[in-house]
There are 2 protein chains.
Amino acid sequence: MLSRRQLLILQAIVDDYVQSAEPIGSRSISKRTDIPFSPATIRNEMADLEDMGYLQKPHSSAGRVPSNKGYRLYVDHLLYPEPVEEHEILDMEKMFSQRISEVEAVMKKTAAVLSELTSYASIVLGPEMDRTRLKQLQMIPLTSKQAIAILVTDTGHVENRTFDIPEKMNVADLEKVVNILNDQLVDTPVGQWEEKLMAESTRLLKQHVRHYEDMFGVLRSAFKPEKSDQVFYGGMMNLLTQPEFKDVDRVRMIFEWLDHSENVHTLLSNSQEGLNVRIGKENNIEAFADMSMITATYSIGGRTVGSLGVIGPTRMEYERAIRLIRQLANGLSTSLTKIYRHDI
Amino acid sequence: MLSRRQLLILQAIVDDYVQSAEPIGSRSISKRTDIPFSPATIRNEMADLEDMGYLQKPHSSAGRVPSNKGYRLYVDHLLYPEPVEEHEILDMEKMFSQRISEVEAVMKKTAAVLSELTSYASIVLGPEMDRTRLKQLQMIPLTSKQAIAILVTDTGHVENRTFDIPEKMNVADLEKVVNILNDQLVDTPVGQWEEKLMAESTRLLKQHVRHYEDMFGVLRSAFKPEKSDQVFYGGMMNLLTQPEFKDVDRVRMIFEWLDHSENVHTLLSNSQEGLNVRIGKENNIEAFADMSMITATYSIGGRTVGSLGVIGPTRMEYERAIRLIRQLANGLSTSLTKIYRHDI
DNA sequence: ATTAGCACTCGCCATCTAAGAGTGCTAACA
DNA sequence: TGTTAGCACTCTTAGATGGCGAGTGCTAAT
């Protein structure tokens, strides 16, 4: 177990290192007013902390740097919430008060604000749509050969697909299809559209609509579960200002990983509810060996539907970042709940 | 005026430098089988070319490097079309044969393919919507307080806005509004929606709909000309592999400029019809001092509606890039014309 | 007009050195 | 016994030095 003094020293080292990005020596720690010990004493403690794996030396005659384990301890036990700063609150309030009613716009804005305030890179995973229900289906003919299907969900989300009208069909036939589908599918959760379409509706449609077979394929693809939830990025450039990314190859690896949004998607959607802090190799991603990721989930009407987070060097202002993410996740939850006003 | 030999040498230098990214010496040029002159002769010519401003020396004992002026001459006079390569055609055909019917998807795909084939960064500016016409307006109530307006254009583009229903209005009132607006606005080009709404429709609406005033603001903002056309990026990471971007600060400046899509938007939408090559400072952008940009416009049914391009170092494979962009712009034009099948 | 020859320039790289920061250890101290 | 002063030692960094090589510009010969 660590002594009170060791904890104090570890904390001081992490705090200083986060600021300076340079190895911390015993002398500079001993100079701090909150640590009344000589460099020699501190050296002893540092050596012990290193033995226990909380600190590392870049090389034998350098100061100490926190290890992943050290950061982990810091995050788990040495973090006390600071009051949220005035201007941070202002920024957020200003943002959420704008009454943005498009979900996509809210997401983008959130990503932008999050990266702005933390000065790390931010990621926001759009709300999962699986359980939203079909509110209304419409088809609008564009030409005699093409029409557009519009799907509105109870959350106000609108999807549309253009499709070709089978040659032998006319507008009246199309209307029949729409009517039957509306009867059948309204209030069906997104996740079950395709299944339900295949199982029940097809029989009915075949009975009532001429040449329905020609349309089947088209319809099926229109009702395919929508593309994976969107990922919104913000402030990727912030990473470039950090000294740990002065090497372009490193940056490239990271950006390439982030470029594949399916990566990000699986990562974020697998994280558990509430706040998550993943330090360095805890991410299990090669390119992220010395990056940390802080994520939080947000919810709509109490149900968790997505998450957001920041990515930065392991040398991160955990306290501040955690505070801001918490705050934003809450704001986002209330904001979205307001948009999706009704019960889900 | 440049002699035939000088042109030959300039061409050789550009070609070699584009490959190697290192200053080219007289010796290596003289070794080329297509140049039967001794290094000394070439040195003389090089000195002349430098005097005329087509070449530069990084330092006094290095080889020569093309200047912006040199690249310009090369692009304007020394570029002969090479046959398009087999696999390039294949890639493009595969892409355009996918019959992607969503415009947005086509744009994204185009950006991806363009950056993939050129291995530079690509930009695609979505089609300008100004002249598309309203095909149909629908409003779908979500709750008693909220509804969603759906605008379909004759190009199959769908826009939707969620809005609050004024307290005193009911669904019947809403229907009336929709009917009147449809009568009035169908076939009106996007650019004139707002104007026409204000001028003619409002009078009518006031007459026939109770409490119309409460709705006015909402409606007006729904018919605001849509957000500026979208910009799609591809292969930003490709830039990082170029040796001229090994400096992170440089990369940051460029990315930050690109991050502001309004920059990109004005730049691209101001470029003239057809193919454009802007070399280095011709871009008039500080961060782009040694970047080149090649853009081309694409059209729908013969009318120019957008553009696409690549960004790379001035040391660029102009020939190849130009060829690919031309090809893609054509492909995009036919593909979009097919989507927007009817006359515009 | 072209080319061979040659002195010269200059960046690059490896080597070296001195300075400085920081450590670990030992012995003295409270 | 816990703390500290002192000191030798280690290792990085920055700057200086010098040879190497690629490339040039000029001159004189072809």
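Only heavy atoms go into these numbers, but all of them, side chains included; no hydrogens, no water, no symmetry mates. Because the structure is predicted, anything quoted here is derived from the model rather than measured. Here is the naming used below: chain letters follow the sequence lines, and residue numbers restart at 1 for every chain.
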CA sep, side-chain torsions, deciding dist, call: A:Y318, A:S292, side-chain hydrogen bond (donor to acceptor under 3.5 Å, both in side chains): CA-CA 9 Å; A:Y318 292 95; A:S292 284; 2.8 Å; yes
At less than 3.5 Å, do the side-chain atoms of B:S61 and the base atoms of C:dT9 form a donor-acceptor pair? yes
Starting at the 5' end of DNA chain C and moving along, which residue's nearest nucleotide shows up first, A:S60 or B:H59? B:H59
Donor-acceptor pair, distance only, cut-off 3.5 Å: does the side chain of A:S20 make one with the backbone of A:D16? yes
Rounded to the nearest 0.5 Å, what's the gap from NZ on A:K69 to CD on A:Q56? Could you check? 11.5 Å
Distance from A:R278 atom CZ to A:N283 atom CG, nearest 0.5 Å? 6.0 Å
As an exercise, state the distance from CE of B:M293 to CG of B:L267, rounded to the nearest 0.5 Å. 5.0 Å
Quick check: closest heavy atoms across B:Y17 and B:E22, and the distance to 0.1 Å? CD1-O, 3.2 Å
Please list, by residue number, the residues of residues 25-34 of chain A whose heavy atoms come closer than 4.0 Å to an atom of DNA chain D; answer none if no residue qualifies. none
Residues of residues 35-53 of chain A with any non-hydrogen atom less than 4.0 angstrom from an atom of DNA chain D: list those, numerically ordered, please. A:F37, A:S38, A:A40, A:T41, A:R43, A:N44
Any chance you could lay out the side chain to side chain contact (heavy atoms under 4.5 Å, CB included) test for B:F232 and B:I123, step after step, and finish with the verdict? CA-CA 6 Å; B:F232 302 87; B:I123 295 180; over 6 Å; no
Roughly how far, to the nearest 0.5 Å, is CG of B:L125 from OG1 of B:T295? 10.5 Å
Lys/Arg N to Asp/Glu carboxylate O, B:K281 vs B:D290, below 4.0 Å: no
Earliest and latest nucleotide of DNA chain D, 5' to 3', sitting under 4.0 Å from a non-hydrogen atom of chain A? D:dT3 to D:dT12
B:E244/B:R250 salt bridge by N-O under 4.0 Å criterion: no
